[in-house]
Amino acid sequence: MAVSERKPLPFIANFTAGAIAGISEILIFYPLDVVKTRMQLETGKAKHGLLGSFQSIIKEEGFGKLYRGLVPPLLLEAPKRATKFASNEFWGKTYMQLAGAANMTQQLSILTGCSAGATESFVVVPFELVKIKLQDKTSPYAGPMDVVKQIVRKDGLLGLYAGMEATFWRHVWWNGGYFGSIFQVRSLLPKPETKQARLANDLVAGTVGGFIGTAINTPFDVVKSRIQGATKAPGVVPKYNWTYPALVTIFREEGASALYKGFVPKVLRLAPGGGVLLLVVEFTLGLFRQALGPPYI
């Protein structure tokens with residue numbers, strides 16, 4: 001049966017594949033996320049580069065700090081990545097039906113990715129907020145539940161959604177770049193004749209997609225980190241509040257390079273991480289197809 005004639009896999013298959021892929025990716029690349037956040041929270045001229053940041057954290061705080069805040073994203077990773085790939089599948093089918101298209105196009109793949117990112121952003125905000133609070137060098141919190149308790153006590157349940165708007169834009173642009181690039185790269189690569197070649201193509205496409213998505217969304221990630229890392233003072237308007245004005249403020253006060261603080265560790269995580277994500281997702285979906293048999297194969 002041709003790939004285009006396959007029956008789409010059920011939602012639970014896409015959800016499970018995304019969850020497995022997400023957990024695999026974060027266990028491999030998490031220390032880079034800690035370094036990235038530290039660099040983004042640092043205002044003014046950067047004091048350390050990638051290696052300097054690693055050395056500073058290990059020397060001053062111990063190796064364990066490279067996994068500080070791991071629990072929230074680890075708990076999040078299954079629903080987050082599952083939502084990413086399941087919603088990408090959902091929106092892809094929806095837009096193809098609305099457009100009357102028999103096959104996915106570059107424009108539809110970008111629109112699909114942006115919509116999947118928007119959907120994903122609503123799931124991730126509380127977890128991202130807790131992670132940022134714990135990753136900050138000056139964090140006063142004992143652990144994830146302490147962050148949640150203090151935020152809820154001070155700001156109510158809605159306090160857990162601080163930075164929602166910035167997170168929305170971060171995920172919209174990353175997913176648009178990621179899934180849009182995957183479509184384009186796959187079309188440029190030689191047509192795979194074997195399962196191994198197909199997985200190799202997925203690794204290449206996902207890595208390129210991860211790089212492009214990161215290049216597009218890093219300024220939005222910097223803003224999100226600043227918003228979520230800030231300590232609110234009663235009666236004081238936060239310096240960083242809304243995404244696009246915050247981008248202008250950072251650009252004006254710190255220069256264009258500040259919008260790409262943490263880019264190196266971020267891209268070192270999300271470029272190969274994007275390849276690992278797509279590789280594990282496609283491999284897991286392949287196992288589901290084999291298990292379910294025709295007409296899914």
Exercise. Can I250 and K261 be said to form a side-chain contact (heavy atoms from CB on, under 4.5 Å), step by step?
Worked result: CA-CA 11 Å; I250 294 172; K261 282 187 173 181; over 6 Å; no
Residue pair [X] / [Y]: nearest heavy atoms and the distance that separates them:
X    : Y    : answer
S53  : V35  : CB-CG1, 3.6 Å
Y178 : G210 : CD1-N, 3.5 Å
I12  : T16  : O-OG1, 2.7 Å
L279 : L199 : CD1-O, 3.2 Å
N241 : I227 : O-CD1, 3.3 Å
G159 : L129 : O-CD2, 3.3 Å

Spell out, as yes or no, whether a donor-acceptor pair under 3.5 Å connects the side chain of [X] to the backbone of [Y].
X    : Y    : result
N217 : R170 : yes
N201 : P190 : yes
S121 : A118 : yes
Y260 : A215 : yes
S56  : G52  : no
S139 : K133 : yes

Pair [X] + [Y], salt bridge at N-O below 4.0 Å:
X    : Y    : value
R226 : E254 : yes
R38  : E60  : no
K224 : E128 : yes

Do [X] and [Y] share a hydrophobic cluster (ILVMFWY, side-chain heavy atoms under 4.5 Å, transitive)?
X    : Y    : result
I57  : M39  : yes
L108 : I212 : no
V264 : Y30  : yes
V172 : I216 : yes
F179 : L111 : no

Exercise. Going through the distances and angles, do R186 and D202 end up as a side-chain contact (heavy atoms from CB on, under 4.5 Å)?
Worked result: CA-CA 8 Å; R186 276 174 166 168; D202 288 336; 2.9 Å; yes
With a sphere of 6.0 Å drawn around [atom1] of [X], does it hold more than 12 non-hydrogen atoms of other residues, nucleotides or ligands?
X    : atom1 : answer
L98  : CG    : yes
F63  : CZ    : no
K93  : NZ    : yes
K191 : NZ    : no
L157 : CG    : no

Return the [atom1] to [atom2] distance between [X] and [Y], rounded to the nearest 0.5 Å.
X    : Y    : atom1 : atom2 : result
L278 : F283 : CG    : CZ    : 13.5 Å
Q228 : I151 : CD    : CD1   : 9.0 Å
D221 : W169 : CG    : CH2   : 16.0 Å
W173 : T214 : CH2   : OG1   : 15.5 Å
I110 : S181 : CD1   : OG    : 7.5 Å
M104 : M96  : CE    : CE    : 5.5 Å

Does [X] reach the side chain of [Y], with side-chain heavy atoms less than 4.5 Å apart?
X    : Y    : value
V223 : Y240 : no
Y95  : Q107 : no
T112 : E89  : no

Problem set entry | CA sep, side-chain torsions, deciding dist, call: N88, N175, side-chain contact (heavy atoms from CB on, under 4.5 Å) | CA-CA 9 Å; N88 188 70; N175 282 273; over 6 Å; no
Exercise. Ring pair (Phe, Tyr, Trp, His ring centres under 6.0 Å) with F220: which of W174, Y244, F168?
Worked result: Y244
